[in-house]
Peer 1: 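Got a structure here, written out as structure tokens. Questions coming.
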Amino acid sequence: SPSRLNAAVGWVLSRREMYGYIEGYRRAAEQLYSVLCAGDESPDYLVFPFAFLWRQHLELALKDIIANGRVLEGKEWGFPRHHKIQPLMREAKPYLVDCGADAESVANVEAGVSELNRVDPGADGFRYPVKKDTFGRSLSDVAAAVTGAETAPCQGIGNGSSPASA
């Protein structure tokens, strides 16, 4: 029913409240993964929103870690305003380690960040068919076939699960 589609977002009252966004992008990516696994839709078209959702989830999660890590250090809450996930991971890593993340999990996230950075360094490849700075073709350096494993390296960040277990 149409009323079921009404979203209650009033709980996101603070500009610091990123959890709803982080969780929303993750859940949407996992739902899309389920649709793709069911075989009802072609990944040829859904790869773009699928990869974008995971990348956006990862970027926001890293920014949230950075912002809260800064507060724990007695600094002002905030995060870098760019979309470059490799530098975001470098800044977030010490906070992850300090808060007890195990080395294997951190290495897994770093590998996912590296792969996403390789495929989409400008954060525009899965959003637009052209690069935002040069207007050249986006994803031009990517193999013709992008597998789900390559586009979802961030599975499980923040909740201990993967789309396969969703």
Side-chain angles (χ1 to χ4, degrees), residues 11-12 14-37 43 46-127 131-133 138-143 145-166:
W11 55 272
V12 185
S14 167
R15 71 179 188 90
R16 294 182 179 193
E17 182 52 61
M18 296 175 67
Y19 177 77
Y21 291 86
I22 296 166
E23 184 68 4
Y25 282 108
R26 183 189 65 79
R27 288 183 183 195
E30 288 184 350
Q31 289 299 311
L32 195 50
Y33 182 82
S34 295
V35 167
L36 288 166
C37 287
L46 297 182
V47 66
F48 305 110
F50 178 68
F52 170 77
L53 290 167
W54 275 119
R55 192 188 192 293
Q56 186 69 4
H57 162 73
L58 175 61
E59 180 182 329
L60 292 177
L62 291 172
K63 287 179 175 182
D64 192 47
I65 291 165
I66 291 166
N68 288 302
R70 288 177 178 179
V71 170
L72 290 173
E73 289 182 331
K75 299 176 183 174
E76 186 175 335
W77 183 94
F79 53 84
R81 300 293 185 208
H82 61 75
H83 304 288
K84 299 173 183 167
I85 56 174
Q86 204 92 46
L88 290 172
M89 181 64 208
R90 278 193 295 273
E91 187 171 347
K93 183 178 179 178
Y95 300 126
L96 290 168
V97 172
D98 289 349
C99 289
D102 64 273
E104 184 179 348
S105 294
V106 172
N108 183 45
V109 174
E110 285 181 306
V113 165
S114 180
E115 183 64 15
L116 270 173
N117 189 65
R118 181 188 69 77
V119 173
D120 185 17
D124 54 359
F126 292 104
R127 294 187 298 158
K131 293 180 182 178
K132 61 185 168 195
D133 54 351
S138 69
L139 303 177
S140 59
D141 298 329
V142 178
V146 178
T147 67
E150 288 175 320
T151 58
C154 313
Q155 298 174 31
I157 291 174
N159 74 339
S161 69
S162 70
S165 65

Peer 1: Taking all heavy atoms of W77 and all of A67, pick out the closest pair and write down the distance.
Peer 2: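 Minimum heavy-atom contact is NE1-CB, 3.2 Å.
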Peer 1: Using every non-hydrogen atom in the two residues, find where A101 and V106 come nearest and quote the distance to one decimal.
Peer 2: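 So the two residues come closest at CB-CG2, 3.7 Å.
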Peer 1: Between P80 and L88, which heavy-atom pair has the shortest distance, and what is it?
Peer 2: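 Heavy atoms only, the tightest pair is CG-CD2, 3.8 Å.
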Peer 1: Within this structure, what is the NZ-CG distance for the pair K63 and L58, rounded to the nearest 0.5 Å?
Peer 2: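 If we round to the nearest 0.5 Å, K63:NZ and L58:CG are 11.0 Å apart.
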Peer 1: What's the shortest heavy-atom distance between I22 and H57, and which atoms?
Peer 2: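 I22 and H57 have their closest heavy atoms at O-ND1, 3.0 Å.
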Peer 1: Between R27 and E30, does any NZ, NE, NH1 or NH2 come within less than 4.0 Å of an OD or OE carboxylate oxygen?
Peer 2: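 No.
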Peer 1: Any side-chain heavy atom of Q86 sitting closer than 4.5 Å to one from M89?
Peer 2: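 Q86 does not reach M89 side chain to side chain.
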Peer 1: Can you name the residues that form a side-chain hydrogen bond (donor to acceptor under 3.5 Å, both in side chains) with R90, not counting sequence neighbours?
Peer 2: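 Checked R90 against side-chain hydrogen bond (donor to acceptor under 3.5 Å, both in side chains); zero matches.
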Peer 1: Check N117 against I85 and note the closest heavy-atom contact, atom names and distance.
Peer 2: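 For N117 versus I85, the nearest heavy atoms are N-CD1, 3.9 Å.
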Peer 1: Are any non-hydrogen side-chain atoms of I65 and C99 less than 4.5 angstrom apart?
Peer 2: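 Of all side-chain heavy-atom pairs linking C99 with I65, none is under 4.5 Å.
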Peer 1: Does a side chain donor of either E59 or Y25 reach within less than 3.5 Å of an acceptor in the other side chain?
Peer 2: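 No, because no side-chain N or O of E59 sits under 3.5 Å from a partner of the opposite role on Y25.
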Peer 1: Heavy atoms only: give me the nearest R70-Y95 pair and the separation to one decimal.
Peer 2: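 Nearest heavy atoms, R70 then Y95: CG-OH, 3.6 Å.
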Peer 1: Roughly how far apart are L116 CG and R55 CZ, rounded to 0.5 Å?
Peer 2: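 L116 CG to R55 CZ: 6.5 Å, rounded to 0.5 Å.
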Peer 1: Going through the distances and angles, do D64 and Y21 end up as a side-chain contact (heavy atoms from CB on, under 4.5 Å)?
Peer 2: CA-CA 10 Å; D64 192 47; Y21 291 86; over 6 Å; no
Peer 1: So, E91 and K84, do they make that salt bridge, N to O below 4.0 Å?
Peer 2: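 Salt bridge between E91 and K84, a charged N being under 4.0 Å from a carboxylate O: no.
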Peer 1: Measure the shortest side-chain to side-chain distance between F52 and D120 over non-hydrogen atoms and say whether it is less than 4.5 angstrom.
Peer 2: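 The answer is no; the side chains never approach within 4.5 Å.
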